[in-house]
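So the structure is just underneath, and the comments pick up after that.
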Amino acid sequence: MLDSFEILTTSGVVLWSHTYVPVGANIINSLIRDVFIEERIQPQAEDAGSKPTYRKEGYTLKWTAAKDLGLIFVAVYQSLVHMTWIDKLLDNVRKLFTGLYEAQLKKEHTSMVDCSKFGPYFERQVQELEQSADGATASSSTSVKLTPPSSTENDSAEESAPAQNLQRTQRPLYDTSADSTPVPTPDTSRPTTPAQSHLLTGKARPGGKLSRRDRKKAAGMGSAPVSSGDEASIKRKGKGSAKRNRVWGDFGAEEEDPSMVLDYSQADLRDEASENEALEEIKPETWGRKTGKGQFVLKDLDEEMDAIIAEQNAKKETPAASTGIVGSSLGAIGGLFRNVVGGKTLTKEDLVKPLKGMEEHLLKKNVAREAVVRLCESVERDLIGLKTGSFTTIEATLRTSMEKALTKILTPTSSLDLLREIQTVNAGGRPYVLSIVGVNGVGKSTNLSKIAFFMLQNHHRVLIAAADTFRSGAVEQLRVHVRNLKELSKREGGEVDLFEKGYGKDAANIAADAVTYASKNNFNVVLIDTAGRRHNDQRLMSSLEKFGKLANPDKILMVGEALVGSDSVAQARNFNASFGPGRGLDGFIISKCDTVGDMVGTLVSMVHATGIPVVFLGVGQHYDDLRGLNVSSVCRLLMS
Amino acid sequence: MAWHDKDSWLTAAFAPNISTILISFLVAITLPILLHRWIYRRATPTTLPTFLLIGPSGAGKTALATLIERSSVVPTHTSTAPLSIETLLPEPYVPASAHYRSAGDPAYERARRFLLLDTPGHGKLRHFATKELSNPENVRGIIFVVDAAAVADSAGLTESAEYLHDVLLSLQKRYTGAKTSKGPKEIPVLIAANKLDLFTALPAHLVKSHLEKAVSAVRKSRAKGLKDSAIALGGGDENAIEDDRENEWLGEGGEGEFEFRQMEEVGTGVVVRGGNVLGDGGADVKAWFEWVGEQL
Ligand SMILES: Nc1nc2c(ncn2[C@@H]2O[C@H](COP(=O)(O)OP(=O)(O)OP(=O)(O)O)[C@@H](O)[C@H]2O)c(=O)[nH]1
Ligand SMILES: [Mg+2]
């Protein structure tokens with residue numbers, strides 16, 4: 001069963017919602033954060049057949065968007081329930097909603113859309129789709145709408161297949177119980193949209209027999225192919241809106257004059273400025289007239305809906321048709337004109353060439369192909385259906401859009417403030433541990449020393465642990481760095497020492513020992529250098545997991561070279577995954593940025609692959625050549 | 001048929017035919033009109049005073065914006081796009097500039113009208129707000145919304161303080177970097193301590209002192225932190241290229257604590273007022289409306 005359906009704007013305002021079971025606002029918030037903002041979860045392409053899904057805390061969310069109007073349609077239901085018709089519902093509701101309220105939605109400087117009359121349309125859609133799903137699967141009995149009482153507790157069963165089996169076996173039992181006692185089904189106990197449900201229950205009269213008959217009548221009148229004799233299927237259908245049905249019965253019994261009911265309906269359709277209270281009054285009547293008298297009224301709604309949906313479908317084809325009428329040459333001139341002046345609605349074809357150019361451009365900037373493709377796809381997704389502004393060409397629009405996408409991908413969700421973190425961790429009575437990983441020769445030790453220097457400038461007591469017990473000369477190299485740093489620390493303040501156990505020992509143990517040593521000897525920062533390893537070297541990579549567990553660093557940073565090309569994506573991915581579940585990298589240091597000029601694409605590639613931010617850039621040979629990331633300047637370099 | 005033939009279309013186009021005259025006449029008349037309409041239809045310049053809603057995610061900016069627009073709250077979710085709302089200052093509050101006007105005066109009505117621009121607060125989407133801040137032409141004031149319950153713990157406090165620090169710093173830079181001797185017009189800041197209905201929320205005066213302390217800490221660690229990459233890599237803004245740490249220091253030069261009072265010297269009055277958008281006893285946004293009225 002559907003738990004909740006919301007229509008919201010990209011600016012965060014919920015325009016319309018229908019709630020069967022209250023779902024915490026955080027569920028949809030995390031969908032927005034994870035999918036739309038941080039893009040941690042990749043939505044599948046829409047034309048892959050089904051709508052993208054997102055799972056969170058036992059809920060499954062499906063959504064679709066109307067980009068030009070800035071709308072998102074989200075359906076929320078329990079992951080255990082298998083729902084086949086949600087895609088269709090999302091599509092239909094989108095078409096209906098945009099068709100009905102397009103003019104209002106396009107108004108500027110307001111977030112208000114009077115869509116209080118959308119309820120009946122939605123309910124009717126749900127009803128219809130539920131019915132047709134029922135009809136289609138009645139014989140095979142795979143339709144599942146009941147939430148099985150026991151399986152809701154069972155959190156481990158994430159797959160929908162076992163849940164389906166469970167429900168299949170339980171349904172007969174369930175139906176009979178529902179027949180004898182109509183009240184305690186899970187659906188009827190769920191509150192609907194608050195105000196309405198109170199009102200409706202207040203008006204409904206307990207008349208089990210009557211409502212049952214009317215319900216049957218209502219179902220029989222529906223156009224979907226359902227055999228009205230099938231008691232079970234009607235029963236199930238009725239449950240979703242059991243309270244409403246009772247009201248239908250009421251009105252069906254009371255209102256005998258069809259014309260009067262019809263008048264009502266027309267009045268309320270015309271009366272746009274009706275108050276909220278009046279609206280709640282109208283609700284039951286809308287439903288009443290449907291079942292009470294006049295099947296034709298029900299047809300009206302259906303026909304209207306069909307018309308809107310058809311119109312929306314037709315709209316997609318109009319651009320092609322209109323150019324055909326006006327004449328292709330004039331259309332082409334108009335297109336050119338519009339391209340210069342702006343105000344052109346972008347289609348996939350318009351974007352092909354500029355996107356190709358953009359792709360080339362980014363590839364030249366040393367962005368990995370995979371990242372380029374993804375960026376271009378996301379920009380394309382954003383732009384299709386949009387109108388270009390006045391006096392902006394497609395290329396310019398694409399540029400701004402790409403710049404935005406780059407800014408978004410490079411900007412960290414929260415900025416890393418090492419100094420404060422050190423303070424917080426030290427306040428807890430233990431040293432702050434930072435470790436550095438990366439492939440061979442990217443400058444791990446150098447960048448570690450740069451960080452150490454930065455710490456010394458801030459008067460910290462730093463212990464450098466030589467956990468590279470593999471490559472000969474690694475310890476000596478660090479010793480030189482520490483000697484230099486000691487020299488410098490006389491001027492800068494702070495204190496630094498080296499912790500080493502020679503070669504061949506287990507790196508994880510050395511790291512853990514270093515941390516203990518540091519807390520005993522009053523060091524407040526531990527920097528751990530690790531052995532460089534190829535990211536496709538299984539044996540060495542697997543030792544990182546133990547390292548992460550034993551040393552348990554507060555931050556693990558990976559050093560990547562700005563020079564590296566498309567390999568950067570695999571590097572970032574493999575290192576991020578090497579620490580086992582629940583632990584990953586915390587940031588990247590991109591070294592040797594001074595050698596690549598404006599070809600700083602590696603930054604984008606690495607962040608794209610993992611969603612982990614770049615925290616430092618190495619820009620030279622000196623100890624103070626470490627920089628924080630300035631997103632806007634990097635974007636400018638990339639777009640130049 | 002060549003183009004110079006007698007009955008080619010080109011010959012007809014230059015001949016004194018009635019149809020040719022008519023067509024060229026029509027084109028000459030309608031083309032400028034169409035062009036004019038085309039260009040001016042969309043870009044209606046807004047000179048309405050604008051108030052920016054800024055603050056960390058989940059503070060209640062969108063909730064406040066919808067409350068101001070329709071005087072009732074609607075459910076909201078994390079924003080991914082800015083939202084601009086044209087609205088009127090509600091009845092009991094009087095714009096400072098229209099204190100002596102009567103209610104029926106059209107100028108009074110005009111003075112009460114303003115734009116509210118809600119910006120997304122998520123860390124990745126703050127560029128919308130930064131862009132507005134870098135060119136605050138019509139901005140009459142900034143409403144910085146904080147969740148008074150979230151600033152009670154250190155993570156929430158730090159997030160709010162960092163954002164606030166950056167906003168105040170960009171206002172300061174705008175003031176000190178101004179070319180004219182008079183200095184640009186003042187942009188005051190209201191720190192709206194929201195969600196006071198919650199049990200865990202700090203009262204407004206505590207929100208103020210907590211934020212001042214946290215902004216001091218941010219200011220200090222920013223000064224000590226690494227320089228950013230703009231200069232080393234190039235590609236920086238031409239006019240922001242000078243790397244002057246003095247420029248980056250918010251408020252007074254001394255090592256002492258930061259206080260919002262210090263912002264007055266750079267044309268930015270900062271006040272902290274409490275309220276709540278939601279709550280059992282209904283919304284309480286009096287103090288904020290009063291502040292908006294003072295700025296109008
Ligand atoms: N208890 C309480 N909750 C509030 C109050 N104001 C807002 N909220 C809730 O706080 C949550 C976040 O509010 P939003 O307005 O969406 O937050 P926002 O500041 O726009 O966040 P972003 O769009 O992500 O930047 C919503 O669930 C609101 O219902 C309040 O005064 N009291
Ligand atoms: Mg918002």
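Here is the naming used below: chain letters follow the sequence lines, and residue numbers restart at 1 for every chain. The model shown is predicted, which means the values in this text are computed figures rather than measured ones. Computed over heavy atoms, backbone and side chain alike; hydrogens, waters and symmetry mates excluded.
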Margin query: Heavy-atom cut-off 4.5 Å, strictly under: side chain, backbone, both or neither for B/Thr158 against chain A?
Written below: side chain
Checklist line | Pair B/Glu69-A/Thr110, side-chain hydrogen bond (donor to acceptor under 3.5 Å, both in side chains): steps then yes or no | finding: CA-CA 8 Å; B/Glu69 183 178 29; A/Thr110 177; 2.6 Å; yes
Next item on the list: Measure from NZ or CZ of B/Arg140 to the centre of the six-membered ring of B/Phe114 and say whether it is under 6.0 Å with the direction within 45° of the ring axis.
Entry: no
Check: So, the side chain of B/Asn194 versus the backbone of B/Val277: is there a donor-acceptor pair under 3.5 Å, distance only?
Finding: yes
Note to self: If you count heavy-atom pairs within less than 4.5 Å of chain A, which of B/Thr119, B/Thr76, B/Asp118 leads?
What the structure shows: B/Thr76
Note to self: For B/Pro82, which atoms come within 4.5 Å of any heavy atom of chain A: side chain, backbone, both, or neither?
What the structure shows: backbone
Margin query: For the interface with chain A, which of B/His77, B/Glu159, B/His122, B/Arg126 has the highest count of heavy-atom pairs at distances below 4.5 Å?
Written below: B/His77
Margin query: Salt bridge check, A/Asp594 against A/Arg627: does any charged N sit closer than 4.0 Å to a carboxylate O?
Written below: no
Check: Taking the side chain from A/Asn458 and the backbone from A/His460, do they hold a donor-acceptor pair closer than 3.5 Å?
Finding: no
Notebook entry, point to check: A/Ser640 versus chain B, heavy atoms under 4.5 Å apart: side chain, backbone, both or neither?
Noted result: neither
Note to self: For B/Glu162, which atoms come within 4.5 Å of any heavy atom of chain A: side chain, backbone, both, or neither?
What the structure shows: side chain
Next item on the list: Side chain from CB out, backbone as N, CA, C, O: work out which of these in B/Thr62 comes under 4.5 Å of a heavy atom of chain A, or both, or neither.
Entry: side chain
Note to self: At a 4.5 Å cut-off on heavy atoms, which part of B/Phe128 comes close to chain A: side chain, backbone, both, or neither?
What the structure shows: side chain
